[in-house]
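Read the structure below first, then the notes.
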2 protein chains.
Amino acid sequence: MITLSEENYLKAIYHLERQMGGAVSTNAIADKMETKASSVTDMVKKLADKDYIIYKKYQGVSLTAKGNKTAANVVRKHRLWEVFLVEKLNFSWDEVHDVAEQLEHIKSPKLINELDVFLEFPTHDPHGDPIPDKDGNISKLDKISLSKVALNDLCTCVGVIDSSAEFLKYLDKHKIALGTQIKVIEKESFDESMTIVIHNSELNISKTVANNIYVKTH
Amino acid sequence: MITLSEENYLKAIYHLERQMGGAVSTNAIADKMETKASSVTDMVKKLADKDYIIYKKYQGVSLTAKGNKTAANVVRKHRLWEVFLVEKLNFSWDEVHDVAEQLEHIKSPKLINELDVFLEFPTHDPHGDPIPDKDGNISKLDKISLSKVALNDLCTCVGVIDSSAEFLKYLDKHKIALGTQIKVIEKESFDESMTIVIHNSELNISKTVANNIYVKTH
DNA sequence: AATAAAATTTAGACATGTCTAAATATATAT
DNA sequence: ATATATATTTAGACATGTCTAAATTTTATT
Ligand SMILES: [Mn+2]
Ligand SMILES: [Mn+2]
Ligand SMILES: [Mn+2]
Ligand SMILES: [Mn+2]
């Protein structure tokens, strides 16, 4: 039986493996989990004993097939619950994270199957992140950062990288949501800020904001 | 911050206080929680320190107002989730318990409020048990055990006492559900079994079965 | 290649929640 | 009232997950 802590570590490693490539370092895990490197070392030994990860002293860790499937299933549950909260319980996209963080650990295959049915098999969560299927497979959408979009190109917002409440509220304030059409009409080279048109009005956004918005070009 | 274990103990004490009257003994809690008396002693000390219960050595425990409200809220969450599972996710009433046992510990006032709205403010769970309101108040329905019903009286099944999967499946097999009309047409005095009519057919049930069905007389 | 800096692991501690076995208190029986 | 049985608590142990401080290994610098 896997514990809640083990699931959280596996999920962190799963995300880090995708973010970086190759082995995930102890410090990277400690940063993401907001814990100490020594705690990480303790835990990765346990996870390696249980065959969820490959761990070589001082060399970082990587998920085994078993670990990847387990982690993907936690992510699947997290994102399905986020959809439920937004679609059915009137949560906004900046309110779902902490609750999903708890709900993702509920153990019941039937529950998550039926939730999937009830939500009519959603493919993406409220932040535009893809929902892994039962086997841990995940659809790779061809999305790019808004900061990479060429001048005068039209694109659609399909996701966010930073999904902190602060950033999401900033987007809300400026009426940027998933599905919103965006046109880049100016780029400042000195600070890499850009002017965009949304809902027929102009908005200047910083490099940081542009970096954290995923779009699909038309 | 209250822990999952503390919540489970409070809930057990809450149910036992209702079942018996007066102080709840260490052994009664140990039985209900399927743990050892020594573990109970350890935990009741913590709960008393946190003002959830009154504990006098060797004299058992009783909930404080704070403890009662906290316990009732766990019960509220448990029962609302059970309604959700049955009404929305196609669970049957014998499948919900273990999952609700986990879901009841999710911490989010908004979640449980919105779930209540989404389910349209249910007053009872799938087993006929009343759902406490936000303040821990609970409606007392005038229900009695089927074994107490007089000969030839017509009544309606409104709940069960034993909500084990075994018993619930027995009821399913014999087409007894909440809302089912029941007429007692014969009582055997030697073993206290009885013959009832449901859906126009006769059925003989044991004393134990009759004891575990709650009904409302007409 | 030797040294300094950074990353990682180990050692020892603590908190939570559990257990067994032993001690103590309460209840029951003679 | 004393002895016996039952209920409860205490003592000491263990597992999980965390931490700080010290030791060790790896990486970067000169
Ligand atoms: Mn989590
Ligand atoms: Mn998300
Ligand atoms: Mn529980
Ligand atoms: Mn119930």
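Being a predicted model, the structure only gives us computed values, none of them experimental. Within every chain, numbering begins at 1; the chains are lettered A, B, ... in the order of the sequence lines, protein sequences first and strands thereafter.
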Which whole-number value in Å describes the distance from [X] [atom1] to [N] [atom2]?
X     : N      : atom1 : atom2 : value
A/Y58 : C/dA6  : OH    : C1'   : 12 Å
A/D42 : C/dT9  : CG    : P     : 10 Å
A/K57 : C/dT8  : NZ    : P     : 14 Å
A/Y55 : C/dA7  : OH    : C1'   : 12 Å
A/Q59 : D/dT27 : CD    : P     : 6 Å
A/K56 : D/dT24 : NZ    : P     : 24 Å
B/M33 : C/dT18 : CE    : C1'   : 11 Å
A/N27 : C/dA7  : CG    : P     : 6 Å

[Y] and [X] side chains, donor-acceptor separation under 3.5 Å:
X      : Y      : result
A/S25  : A/N27  : no
A/D191 : A/S193 : yes
A/S5   : A/T3   : no

Counting distance alone, no hydrogens or angles: does the base of C/dT9 have a donor or acceptor under 3.5 Å from a partner atom on the side chain of A/T26?
no
Could you check whether the side chain of B/T3 and the base of C/dT16 have a donor-acceptor pair of N or O atoms closer than 3.5 Å, going by distance alone?
no
Taking for A/T35 and for B/K45 the nucleotide of DNA chain D with the nearest heavy atom, the one nearer the 5' end belongs to B/K45
Shortest side-chain distance from B/M43, nucleotide among D/dT10, C/dT18, D/dG17:
C/dT18
Which of residues 14-22 of chain A have a heavy atom under 4.0 Å from DNA chain C?
none
NA contact type, A/S5, heavy-atom cut-off 4.0 Å: base, sugar-phosphate, or nothing?
sugar-phosphate
Short side-chain N/O contact to C/dT18 OP1/OP2 from B/K36, under 4.0 Å
no
Taking only the side-chain nitrogens and oxygens of A/S39, find out if one of them lies under 4.0 Å from OP1 or OP2 of D/dC19.
yes
Parallel, tilted or perpendicular, judged at 30° and 60°: which one describes the rings of A/F84 and B/F118?
perpendicular
A/W81 and B/W81 aromatic ring geometry - parallel, tilted or perpendicular at 30°/60° bounds:
perpendicular
With a 6.0 Å cut-off (strictly less than), is the heavy-atom count around NZ of B/K110, excluding the residue itself, greater than 12?
yes
Reference residue A/K11; test side-chain hydrogen bond (donor to acceptor under 3.5 Å, both in side chains); the match among A/E6, A/E101, A/H105
A/E101
